[in-house]
Amino acid sequence: MATERTDVDGVSVPTGHFIGGEHIPSETTFETRCPFDWDWKLADIARGTAATAHKAVTAAAEAFPIWSGYSVRDRAGCLNRLADLIEENKDDIATVECLDMAMLLESLKLRLVPRGALNFRNYADIIEAHEERVWSSKGTTNTVIRMPAGPAVIITPWNAPFMLSTWKVAPALASGNTVILKPAEWSPLSAAKLSDLINEAGFPKGTFNIVQGYGHDLGAALVADPRVKRLSFTGSPETARKIGHAAAENIVPFTAELGGKGPLMVFEDCDLEAAAKKAAGQFDDSGQVCLAGTRLLVQNGIMAPFLEKFHAFTDTHVMGDSRDSATTMTAMIHPEHFARVAGFVDRARANGDEIVRGGKVHKEGCLWYEPTLIRPKGNDSEVVQNEIFGPVLTIQGFDSEEEGIALANSTNYGLSGIVYTSSAERAERVGRAVRSGIVWVNCFLIRDLTAPFGGIGESGIGREGGDYALDFHADLKTLQIFEGSVS
Ligand code: NAD
């Protein structure tokens, strides 16, 4: 039997599931380790089963009539209190996520955990400001009503788990749906820490449940439960296909934010320094970012000076303890993932792709892979077409804008694109021509939370952010009343 709490570097973390407002231990557990010091076992965490899934969905189904009956003001009050509590506990959440996933502590404290709080605050504001659409037509008054749908299962990946899960949980709760969150098994600790704050925020018991464990048993049982009315997933296309089957079986709306293979386009007229720095910055989290610009597409006329600057910036990367402010490049999450990434490079070498830099482990036994740049033999090389999710970029040259756009659009993915140019006309033209859910011009990773977010093709189905996520979580109804019959 797992102890109910454990100490992770001075932070007390619950190790069980959080169901119906209670922390529940489990007889079986799984361990989580620190990527930048793999010998350091951080915690044994409850490992859920199909029975855990059933219990959590029951709690969420029983809480649904209560939570969906809350007024918008009361719902917003709970969301805002949770945001306050996240801010108050920012340092603890950042510490456990830093140790669990190796994200930089500073970035977690300054950016990602506050952004998690903002997700709840933002949706509190949106539901309070929402006005139903009402119009008159054909002698009737039409009103569009968002009805809460029921329990929502939210399944999240191991990268940036706190921020990613809160941006999915917040709109579900704001809609009046109850939630069962299953974080990924490689980084369970920040969700465990979040479970400490839910009762204090005032949510009725069973409104927001968190279960821990693996995807193939616990996750599969959650998504197959017919009492679940929404499935919201972030992760790989392989898992999305499985969850999509469960969604089809129960005819349940399903949204999937999946992988990416974003182009980072560098045009001759751009600020070369800024573009090269941003390109080298794609190694920051060891490339474990779905939105990363991993295919460098550089106009041939500036290839040599671009590479010179890119190498200079890449040389400045510091691999080390993620709590240390000097560290810029984090370790990879897990030895299995490390081996998967190294496998891509080994196959590229065998394929005759040119390894321009890197292509090896940083130091034997550690989870850092050297920042790697590959010039592929052709556009059909595996390293160009498949998501690697590691510190491995490809570089390809192009002459005309049309050629660059064709390369940018030449994979099955379409999550994000980055364009460096100083021409406003080109920014508009290329920005519109690149087929992806978001295109950043002369910037990266800035996003207004009310803007739509999602992918095209293998990068996903559906959109999150602002009203888009609220529409997904609601059963939309048109109420049409004949004007002549109402006195
Ligand atoms: P994954 O698909 O292996 O796992 C994601 C989650 O699904 C985990 O919680 C896992 O336990 C669960 N799962 C696995 N099998 C399941 C099943 N049969 N039923 C239900 N749940 C199941 O992905 P990962 O390796 O954790 O994450 C990396 C992937 O996520 C990359 O492809 C990355 O690009 C993508 N990602 C996308 C975004 C985005 O916003 N588009 C953000 C972050 C990560």
Side-chain angles (χ1 to χ4, degrees), residues 30 32 45 47-50 52-53 56-57 100-101 103 112 119 153-168 180-188 190-191 210-225 228 231-247 249-250 252 254-262 282 285-294 332-334 336-338 340-341 344 386-390 411-416 436-438 445 447 452-465 469:
F30 64 96
T32 180
I45 296 293
R47 181 175 170 183
T49 59
T52 317
V57 178
D100 210 16
M101 201 246 135
M103 294 204 82
L112 288 156
N119 282 326
V153 161
I154 294 176
I155 303 221
T156 50
W158 47 260
N159 68 315
F162 188 76
M163 212 289 290
L164 280 185
S165 55
T166 53
W167 102 26
K168 296 173 92 66
I180 305 113
L181 167 68
K182 193 203 87 59
E185 52 272 33
W186 284 352
S187 53
S190 53
I210 299 178
V211 290
Q212 302 277 14
Y214 287 72
H216 64 87
D217 47 11
L218 173 66
L222 283 171
V223 300
D225 193 311
V228 169
L231 296 174
S232 173
F233 171 69
T234 302
S236 65
E238 296 72 38
T239 308
R241 286 189 181 92
K242 292 179 192 158
I243 298 178
H245 279 292
E249 200 57 49
N250 292 333
V252 172
F254 164 52
T255 180
E257 293 180 7
L258 309 177
K261 195 72 197 175
Q282 304 304 306
D285 293 296
S286 267
Q288 302 169 126
V289 177
C290 55
L291 295 163
T294 52
M332 268 190 273
I333 180 86
H334 193 280
E336 255 177 55
H337 185 59
F338 184 95
R340 184 179 169 275
V341 169
F344 272 103
N386 287 351
E387 184 188 50
I388 300 172
F389 221 52
T411 72
N412 291 334
Y413 294 98
L415 189 61
S416 63
S436 60
I438 189 163
L445 283 188
R447 192 177 73 85
F453 178 86
I456 293 170
E458 289 214 15
S459 290
I461 305 172
R463 291 293 178 270
E464 303 208 336

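When a ligand or atom number is given, it counts from 1 through the structure's own listing order. Since the structure is predicted, the reported quantities are computational estimates derived from the model, not experimental observations.
Between the side chain of Ser459 and the backbone N or O of Gly259, at least one donor-acceptor pair lies under 3.5 Å. Although no hydrogens or angles enter the test, the distance criterion places a donor-acceptor pair under 3.5 Å between the side chain of Gln212 and the main chain of Pro188. Using a distance-only test at 3.5 Å, with no hydrogens or angles considered, a donor-acceptor pair links the side chain of Asn159 to the main chain of Gln288. Of the possible polar contacts, none joining the Lys261 side chain to the Glu387 backbone as a donor-acceptor pair under 3.5 Å is found.
Residues Lys168 and Thr234 bring a donor and an acceptor atom of their side chains to less than 3.5 Å of each other.
For the atom pair OG1 (Thr49) and CG (Leu218), the distance works out to 7.5 Å, reported to the nearest 0.5 Å.
The immediate protein surroundings of ligand 1, defined as residues with any heavy atom under 4.0 Å of it, consist of Ile155, Thr156, Pro157, Trp158, Asn159, Leu164, Lys182, Pro183, Ala184, Glu185, Gly215, Gly219, Ala220, Phe233, Thr234, Gly235, Ser236, Thr239, Lys242, Ile243, Glu257, Leu258, Gly259, Cys290, Glu387, Phe389, Leu415, Phe453.
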